[in-house]
Protein chains: 2
Amino acid sequence: MNLPPLIQSFVLHFGEMGSRWGINRTVGQIYALLFVADRPLNADDLVDALGLSRGGVSMGLKELQSWNLVQLRHLPDDRRDHFVTPDDVWVIMRTLVEERKKREIDPTMTVLRELMLQTPHDAAEAHAQGRMSAMHDQIELLTAWYADVQRLETERLVQLLSLGSRIVKALEFKDRLFAVPGGKRESGS
Amino acid sequence: MNLPPLIQSFVLHFGEMGSRWGINRTVGQIYALLFVADRPLNADDLVDALGLSRGGVSMGLKELQSWNLVQLRHLPDDRRDHFVTPDDVWVIMRTLVEERKKREIDPTMTVLRELMLQTPHDAAEAHAQGRMSAMHDQIELLTAWYADVQRLETERLVQLLSLGSRIVKALEFKDRLFAVPGGKRESGS
DNA sequence: CGACTATTTCAATAATTATTGAAATATTGA
DNA sequence: TCAATATTTCAATAATTATTGAAATAGTCG
């Protein structure tokens with residue numbers, strides 16, 4: 001590996017964390033280097049900088065492309081493929097959430113929806129179905145929330161996040177605004 | 001494996017998804033069964049129901065305990081350890097987020113903070129450090145937001161999530177409430 | 001087309017991770 | 001304490017996943 005120390009530390013860390021993030025070391029290192037690079041890099045650059053094999057870089061780039069985490073870029077008078085990550089970290093985060101949802105959540109929701117349609121045969125299955133239903137409804141709420149806020153411009157999203165739990169003050173205020181006069185009473189505290 | 005069909009489908013799915021979620025099949029299956037079970041289960045129950053080895057169940061339960069995803073429970077007149085998951089799916093979600101943050105985000109933040117302190121030696125390192133800084137600041141914003149809303153009671157949290165992007169209306173309203181008269185002008189669109 | 005360069009594929013193998021099951025250890029109750 | 005039972009550990013091995021590098025394929029330009 002042939003990199004300035006600051007960049008090398010970052011790249012090595014991403015490689016190590018790869019396994020916790022569900023990607024392998026190679027992919028983690030490639031992504032890290034593309035993220036911090038100040039110009040588009042080609043496969044040769046990555047092979048030289050990271051000391052990986054040709055094939056490994058090709059496969060790694062293919063995987064990163066399937067995640068929409070890197071973009072193909074062509075440079076004038078150079079027919080090799082070059083790659084970049086988006087400049088905007090918020091764009092990257094949105095992609096990451098979307099892709100992880102697609103891989104880690106959607107398949108489970110499909111299964112849960114199917115299992116909800118079945119008729120339980122005994123008390124144990126009925127209880128299990130209730131638990132699955134609770135899981136389904138919770139995930140639905142979370143993903144619907146994300147689908148909603150994801151539509152906001154980044155500037156607005158950052159505002160919203162910066163507000164943190166202070167948003168609750170606004171919520172409490174809203175309660176009064178949107179309250180149905182004589183509406184349902186709450187059972188809790 | 002000896003389970004009612006509804007529960008078996010759920011358990012098998014969790015086993016398959018395990019690898020995408022960073023846990024193994026055994027752990028996924030054990031967790032799934034505990035989640036839908038209508039009573040605390042012991043290691044024998046899990047061995048019988050899932051057809052796993054004794055040692056495998058022991059290790060799986062240990063891992064789930066290290067994630068705080070299952071709780072040890074003792075039944076009267078039975079000295080075997082039994083296990084349950086929390087009844088409340090929101091408690092489970094909070095645990096999951098906290099533990100994933102601890103394993104998947106905190107180590108990177110530590111590295112990023114260290115790398116921010118270094119002095120770049122050339123333009124490439126300076127650019128890289130800027131990128132790392134952007135990543136650091138974004139993660140900080142997201143985790144600070146979560147640390148904040150995580151303190152809310154579940155009922156309030158669900159309210160907040162149910163509101164989705166409609167919260168922005170409240171935000172726009174708040175802009176006017178908290179605006180500093182003659183305050184700083186924005187540079188963007 | 002044909003020479004050249006870039007990229008991908010894939011079989012071989014290295015490395016890692018998961019799983020078993022028997023032995024060791026720990027715990028309980030008499 | 002001892003016998004019985006419960007739990008954990010861990011060496012062996014199975015299974016999976018990562019990685020290489022050479023060959024095949026695809027693409028480009030004269």
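Residue numbers begin at 1 in each chain, while the letters A, B, ... track the order of the sequences.
- Taking 4.5 Å as the limit, some side-chain heavy atom of B:E104 sits within range of a side-chain heavy atom of A:W21.
- Contact check for B:Y146 versus B:V97: side-chain heavy atoms found under the 4.5 Å cut-off.
- At a threshold of 4.5 Å between non-hydrogen side-chain atoms, the residues B:L160 and B:V149 count as touching.
- Proximity of B:K62 to the phosphate of D:dT7: no side-chain N or O atom is located under 4.0 Å from OP1 or OP2.
- Atom CG in A:L61 sits about 15 Å away from atom P in C:dA6, given to the nearest Å.
- Along DNA chain C, the nucleotide closest to A:H74 and the one closest to A:S19 are compared, and the more 5′ of them pairs with A:H74.
- When side chains are defined from C-beta on, A:L3 counts as touching A:L33, because their heavy atoms get closer than 4.5 Å.
- Aromatic pair A:W67/A:Y31: ring centres not closer than 6.0 Å.
- Put simply, CG on B:D78 is 13 Å from P on D:dT5, counting in whole angstrom units.
- Between B:H82 and B:H74, every side-chain heavy-atom pair lies at or beyond the 4.5 Å cut-off.
- What separates CZ of A:R80 from C1' of C:dT8 is a distance of 17 Å, to the nearest Å.
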Close N/O contacts between protein and nucleotides 18-21 of chain D (under 3.5 Å):
from, atom 1, to, atom 2, distance (Å)
D:dT19, OP1, A:R25, NH2, 3.1
D:dT19, OP2, A:N24, OD1, 3.4
D:dT19, OP2, A:T26, OG1, 2.5
D:dT20, OP2, A:S53, N, 3.2
D:dT20, OP2, A:S53, OG, 3.1

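- The shortest side-chain heavy-atom distance between A:M132 and B:L6 falls under the 4.5 Å cut-off.
- Protein atom NE2 of B:H82 is 14 Å distant from nucleotide atom C1' of D:dT5, rounded to whole Å.
- Backbone-only engagement by B:D81 is indicated by non-hydrogen atom pairs under 4.0 Å involving sugar-phosphate atoms exclusively.
- The distance between atom CD1 of B:I30 and atom C1' of D:dT7, rounded to the nearest whole Å, is 14 Å.
- Computed from coordinates, the B:D44 CG to D:dT7 P distance equals 8 Å when rounded to whole Å.
- Counting to the nearest Å, the P atom of C:dT7 and the CD atom of A:Q65 are 11 Å from each other.
- One finds no side-chain N or O of B:R79 lying less than 4.0 angstrom from the OP1 or OP2 phosphate oxygen of D:dA6.
- Rounded to a whole Å, the CG atom of B:L46 is 14 Å from the P atom of D:dA6.
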